[in-house]
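Working notes, structure below.
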Amino acid sequence: MGIRLVIVVIMLVVVYYLGKQVVRMLRGSGQSTDKPGAISAGMDLTQDPVCLTYVSKEKAISSHRDGETHYFCSEDCASEFENRAA
Ligand SMILES: [Zn+2]
């Protein structure tokens, strides 16, 4: 009976210790998620009208037509779009 009580106490200590570690990890990840959130907010995603891939406007190939700016993932999609419009 005495040994069981000791095991229960040890398990409680281990669970308490692990719980504190989990809380630390959650707090740590909570702080680190602020930065990726800011980065994703800064990335202006737009959809390639040809292949329907989402691309960031910074990296995308842009084409101006009829006062509108279209963004493409590659030159192939840009020329494909030009062919469709023609
Ligand atoms: Zn594309």
Side-chain angles (χ1 to χ4, degrees):
M1 293 294 281
I3 292 168
R4 278 190 182 182
L5 187 69
V6 169
I7 289 169
V8 167
V9 169
I10 289 170
M11 282 181 69
L12 284 173
V13 170
V14 168
V15 167
Y16 175 74
Y17 178 76
L18 288 174
K20 283 178 79 174
Q21 292 288 89
V22 167
V23 168
R24 275 189 201 173
M25 283 173 64
L26 289 175
R27 283 181 183 172
S29 66
Q31 288 174 349
S32 65
T33 50
D34 291 341
K35 288 179 182 177
I39 290 168
S40 64
M43 279 177 65
D44 207 354
L45 286 178
T46 186
Q47 195 172 26
D48 182 327
V50 177
C51 68
L52 306 180
T53 300
Y54 283 93
V55 291
S56 71
K57 288 184 179 179
E58 286 183 20
K59 293 179 180 176
I61 291 156
S62 59
S63 172
H64 300 276
R65 175 179 281 273
D66 301 327
E68 281 187 274
T69 305
H70 303 280
Y71 296 90
F72 306 96
C73 68
S74 64
E75 291 282 358
D76 289 340
C77 284
S79 60
E80 172 72 20
F81 185 79
E82 293 294 322
N83 291 337
R84 286 187 191 182

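Atom-to-atom distance recorded for M25:CE and L18:CG is 10.5 Å, nearest 0.5 angstrom. Remark: S62 OG to E68 CD distance equals 13.5 Å, nearest 0.5 Å. Taking CG from D76 and CD1 from I61, the interatomic distance works out to 8.5 Å, rounded to the nearest 0.5 Å. With rounding to the nearest 0.5 Å, the separation of OH in Y71 from CG in D44 is 7.5 Å.
A donor-acceptor pair under 3.5 Å links the side-chain atoms of D48 to the main chain of C73, judged by distance alone.
Hydrophobic cluster membership is shared by I3 and M11, with clusters built from Ile, Leu, Val, Met, Phe, Trp and Tyr side chains linked at under 4.5 angstrom.
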Self-check item: Evaluation steps, side chain to side chain contact (heavy atoms under 4.5 Å, CB included), between T46 and V55
Solution: CA-CA 6 Å; T46 186; V55 291; 4.1 Å; yes
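Residue E75 places its CD atom among 12 or fewer non-hydrogen atoms of other residues, nucleotides or ligands, all under 6.0 Å distant.
Shortest non-hydrogen contact noted between S63 and E82 is OG-OE2, 3.1 Å. Across all non-hydrogen atoms, the minimal contact from F72 to V50 is CE2-CG2, 3.9 Å.
No hydrogens or angles considered: a donor-acceptor pair under 3.5 Å links the side chains of H64 and T69. Side-chain N/O atoms of T53 and Q47 include no donor and acceptor closer than 3.5 Å.
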